[in-house]
Amino acid sequence: EVQLVESGGGLVQAGGSLRLSCAVSGFTFDDYAIGWFRQAPGKEREGVSCLETSDGSTYYTDSVKGRFTISSDNAKNTVYLQMNRLKPEDTAVYYCVARVGSVVSRRRFLPSQYDYWGQGTQVTVSS
């Protein structure tokens, strides 16, 4: 059974940093797309970042480029999202997601492309 368990959310002031972790069980990091989505109150889920385990490629939505970094520790089966220079508009529930195989670029940040979702962790950025 595939499980994704997020941790590391919390309350931080604007300009601060947080690191989210996603502990993965039920598969190894051979050929998966693993990433992060977020959902703010009253808004649709938004793709934030994605990592292709086959070649280590990483992708980011424009609003977080240069501030967020996705990485993985294959030995620990864990994916991280380092979030720096946080802004109030980053406030959302953050979800870890995964699917078998890579994702076509134009669909990379579509929720429908991912089969596995974590329960989410709240990130709140105060101004």
Side-chain angles (χ1 to χ4, degrees):
E1 179 187 3
V2 175
Q3 283 192 324
L4 309 174
V5 180
E6 304 98 333
S7 60
L11 174 64
V12 64
Q13 287 188 333
S17 299
L18 282 175
R19 188 177 78 159
L20 304 183
S21 299
C22 175
V24 179
S25 61
F27 65 83
T28 58
F29 288 8
D30 290 333
D31 184 14
Y32 281 80
I34 301 177
W36 296 88
F37 277 67
R38 66 186 179 187
Q39 187 168 22
K43 295 188 177 181
E44 295 184 351
R45 287 188 180 185
E46 174 191 27
V48 175
S49 181
C50 175
L51 182 151
E52 301 277 2
T53 64
S54 59
D55 63 4
S57 298
T58 58
Y59 306 91
Y60 302 91
T61 193
D62 287 345
S63 62
V64 308
K65 284 180 181 176
R67 300 190 297 122
F68 291 10
T69 303
I70 189 171
S71 63
S72 67
D73 184 333
N74 292 359
K76 295 183 178 180
N77 263 26
T78 300
V79 176
Y80 303 99
L81 185 68
Q82 178 67 44
M83 305 186 295
N84 298 329
R85 292 185 282 135
L86 282 161
K87 304 175 181 180
E89 51 264 43
D90 294 319
T91 295
V93 177
Y94 283 71
Y95 297 91
C96 181
V97 300
R99 60 163 279 153
V100 176
S102 60
V103 188
V104 175
S105 60
R106 66 181 183 275
R107 299 175 180 172
R108 184 167 290 124
F109 290 138
L110 294 179
S112 61
Q113 296 300 301
Y114 296 86
D115 301 310
Y116 306 107
W117 290 73
Q119 82 286 353
T121 186
Q122 177 70 47
V123 171
T124 303
V125 184
S126 63
S127 57

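Basis for what follows: all heavy atoms, side chains included, without hydrogens, waters or symmetry-related copies. One-based numbering along the sequence shown.
- Counting heavy atoms from C-beta outward, Glu89 and Val125 have side chains that stay 4.5 Å or more apart.
- Nearest heavy-atom pair, Ala33 versus Glu52, reported as atom, atom and distance to 0.1 Å: CB-OE1, 3.8 Å.
- Val93 is connected to Val97 through a chain of hydrophobic side-chain contacts under 4.5 Å among Ile, Leu, Val, Met, Phe, Trp and Tyr, so both are in one cluster.
- When hydrophobic clusters are built by joining Ile, Leu, Val, Met, Phe, Trp and Tyr residues whose side-chain heavy atoms come closer than 4.5 Å, directly or via intermediates, Val79 is grouped together with Val100.
- By the side-chain contact (heavy atoms from CB on, under 4.5 Å) test, Asp62 is found to be paired with Lys65, residues two or more places apart in sequence or in another chain being considered.
- Closest of all the heavy-atom pairs between Leu18 and Leu86 is N-CD1, 3.8 Å.
- Considering CD of Gln13 and OG of Ser127, their distance stands at 9.5 Å, rounded to 0.5 Å.
- Hydrophobic clustering keeps Leu20 apart from Val5 (ILVMFWY residues linked when any side-chain heavy atoms are closer than 4.5 Å, directly or through intermediates).
- For Gln3, the side-chain contact (heavy atoms from CB on, under 4.5 Å) partners are Glu1, Ser25, not counting sequence neighbours.
- A pairwise comparison of heavy atoms in Tyr114 and Leu110 identifies CD1-O, 3.5 Å as the closest pair.
- With sequence neighbours excluded, no residue forms a ring-ring contact (aromatic ring centres under 6.0 Å, His included) with Tyr94.
- Between Ser49 atom OG and Arg108 atom CZ the span is 10.0 Å, to the nearest 0.5 Å.
- Take Glu6 and apply the side chain to side chain donor-acceptor pair (under 3.5 Å) test, not counting sequence neighbours, and it matches Gln119.
- Listed by chain and number, the residues in a side-chain contact (heavy atoms from CB on, under 4.5 Å) with Ser7 are Ser21 (sequence neighbours excluded).
- Panel note: side chain Arg85, backbone Gly66; a donor-acceptor pair is recorded below 3.5 Å.
- A pairwise comparison of heavy atoms in Gln39 and Arg45 identifies OE1-NE, 3.1 Å as the closest pair.
- Sorted by first then second residue, the salt bridge (charged side-chain N to carboxylate O under 4.0 Å, His left out) pairs that include residues 32-43, not counting sequence neighbours, are Arg38-Glu46, Arg38-Asp90.
- Summarising the geometry, atom CH2 belonging to Trp36 is positioned 7.5 Å from atom OG1 belonging to Thr121; distances are rounded to the nearest 0.5 Å.
- Taking CG of Asp31 as the start and CZ of Arg99 as the end, the distance is 9.5 Å to the nearest 0.5 Å.
- Among pairs with a residue in residues 42-89, none fulfils disulfide (SG to SG under 2.5 Å), at least two apart in sequence or across chains.
- The disulfide (SG to SG under 2.5 Å) pairs that include a residue from residues 75-127 are Cys22-Cys96, where partners are two or more places apart or lie in different chains.
- Applying the side-chain contact (heavy atoms from CB on, under 4.5 Å) test to Ser17 and every residue at least two apart in sequence or in another chain returns Gln82, Asn84.
- Taking the six-membered ring where tryptophan is involved, the planes of Phe37 and Phe109 are perpendicular, since the angle between them exceeds 60° and thus also 30°.
- Minimum heavy-atom separation, Thr61 to Gly47: CB-O, 3.4 Å.
- In this structure, the side chains of Trp117 and Pro111 come closer than 4.5 Å at one or more pairs of heavy atoms.
- Heavy atoms only, all atoms of each residue included: Ile34 and Ile70 are closest at O-CD1, 3.7 Å.
- Taking the ring-ring contact (aromatic ring centres under 6.0 Å, His included) definition, one finds that Tyr80 meets it with nothing, sequence neighbours left out.
- By the side chain to side chain donor-acceptor pair (under 3.5 Å) test, Thr69 pairs with no residue at all, sequence neighbours left out.
- Annotation: salt bridge (charged side-chain N to carboxylate O under 4.0 Å, His left out) contacts involving residues 14-24, sequence neighbours excluded, are absent.
- Here the side chain of Thr58 pairs no donor or acceptor atom with the backbone of Leu51 at under 3.5 angstrom.
- Put simply, Val103 and Tyr116 are part of two different groups of oily side chains (I, L, V, M, F, W, Y) that touch within less than 4.5 Å, one to the next.
- Follow the hydrophobic side-chain contacts under 4.5 Å out from Tyr95 and you never reach Tyr59; the two are in separate clusters.
- To the nearest 0.5 Å, atom CD of residue Gln122 and atom OG1 of residue Thr91 are 7.0 Å apart.
- Counting only distance, with no hydrogens or angles, the side chain of Ser72 and the backbone of Thr78 share no donor-acceptor pair below 3.5 Å.
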